[in-house]
2 protein chains.
Amino acid sequence: MNQSLIQHFEDYLRGQQLRLTDQRRLIINEFVRTQGHISAEELYRNIQKTTPSIGFATVYRTLKLLADAGLALGKNFGDGFVRFECCSLTVGHHDHLICNRCGKIIEFNNPTIEELQLAVAQEHGFIISDHSLDIHGVCQECTPGE
Amino acid sequence: MNQSLIQHFEDYLRGQQLRLTDQRRLIINEFVRTQGHISAEELYRNIQKTTPSIGFATVYRTLKLLADAGLALGKNFGDGFVRFECCSLTVGHHDHLICNRCGKIIEFNNPTIEELQLAVAQEHGFIISDHSLDIHGVCQECTPGE
DNA sequence: CTACATGCAAAGTGTTTGCTAGAAA
DNA sequence: TTTCTAGCAAACACTTTGCATGTAG
């Protein structure tokens, strides 16, 4: 899975006459390892632990590159910065459950909701290009009672 | 409707030993007039047309005040800044259709979707505090074909 | 009169960009 | 050896804050 993603990235770079550098390899590996939903800042700090020489800008630029390659997708979950999700890990569209306590993000997919969204859009004469459903709350592990 | 909102705001201010100033009155009136989904910057520029002496900071601070009073809710629609919606204008929860072309934001409410969200959350042991569904696309007026 | 509010400008965020040395192909 | 990339710092855009003056209560 990781392999195919990295392969895809290499192909993309080659196709654009871009270069696969150590830094880019590091960044994409860490990105995949954490399974996405990570911010540029977090990714930067994680990589810095083992490779302090890395710079912000490289992380930001590589994330942009991943997004351009269709491998990452930036999304604002309301905590002040963009989090990137790993597109090739989950097939198709998905929505999010976000824990207010621990920050965990769970993906889910409910075809019925998707259909209803389409219906609502049609009612209003909208042509959907994209949609996002975020459910904020408290996850099982963070629930005080149980 | 406007009246009750402004009344609510006055009550809130009094309760907090805060003051109802001309600026605050102007800001909340303009906010209500535009029916929300407005950014601080837009609100600031609108008010500046008639009252150039107004400052950014006052607009930002007043919006924060409105949010604290439960009358406004900041939300990021992905265009780089926070837009505030007018809480008392629409009763209950609602979701959004956002036009990629003209930026128009249409509110809607689909009880079935709401129920399904609740079900999904329960499946994952989540206790919902809030949720937001944004459908991006092209609205009827901006559709090229028809 | 006594807080609180205003407007200004300065500081803070997260993110992007320009530049020059350096490395991939 | 040519072109793209890295790291740094400066620039950016939106938002928040500190301060002295002004004003509601």
Rounded to whole Å, how long is the line connecting atom CG of L65(A) with atom C1' of dT16(C)?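 These atoms are roughly 15 Å apart.
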Could you state the CZ-P distance from R83(B) to dA13(D), rounded to the nearest angstrom?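 The distance from CZ of R83(B) to P of dA13(D) comes to 17 Å, rounded to the nearest Å.
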When you measure from the side chain of [X], which nucleotide among [options] comes out closest?
| X | options | value |
| --- | --- | --- |
| T58(B) | dT5(D), dA5(C), dG7(C) | dG7(C) |
| T21(B) | dT6(C), dT15(D), dA9(D) | dT6(C) |
| F81(B) | dG7(C), dT15(C), dC14(D) | dC14(D) |

Name the nucleic acid region contacted by [X], choosing base, sugar-phosphate or nothing; use a 4.0 angstrom heavy-atom cut-off, strictly under.
| X | value |
| --- | --- |
| E41(A) | nothing |
| S53(A) | sugar-phosphate |
| Y60(B) | base |

Picking from H94(A), Q35(A), H93(A), what satisfies side chain to side chain donor-acceptor pair (under 3.5 Å) with E107(A)?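 So the option named by the test is H94(A).
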Indicate whether OP1 or OP2 belonging to [N] is found under 4.0 Å from a side-chain N or O atom of [X].
| X | N | answer |
| --- | --- | --- |
| Q23(A) | dG7(D) | yes |
| R61(B) | dC4(C) | no |
| Q16(A) | dC4(D) | no |

So does R19(A) reach the base of dT3(D) with its side chain, donor to acceptor, closer than 3.5 Å?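 Yes, a donor-acceptor pair under 3.5 Å.
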Taking the six-membered ring where the residue is Trp, are the ring centres of H96(A) and H136(A) under 6.0 Å apart?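 No - the distance between ring centres of H96(A) and H136(A) does not fall below the 6.0 Å cut-off.
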Want to settle it: does F56(B) or Q17(B) sit nearer the 5' end of DNA chain C, counting the closest nucleotide to each?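 By nearest-heavy-atom nucleotide position, the 5'-most residue is Q17(B).
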Per the side chain to side chain contact (heavy atoms under 4.5 Å, CB included) rule, which among L133(B), L116(B), I135(B) passes with L133(A)?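 Among L133(B), L116(B), I135(B), the one meeting side chain to side chain contact (heavy atoms under 4.5 Å, CB included) with L133(A) is L133(B).
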Is any NZ, NE, NH1 or NH2 atom of the basic residue among R45(A) and E42(A) found under 4.0 Å from an Asp or Glu carboxylate oxygen of the other?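 Looking at E42(A) together with R45(A), the answer is no, because their closest N to O distance does not fall below 4.0 Å.
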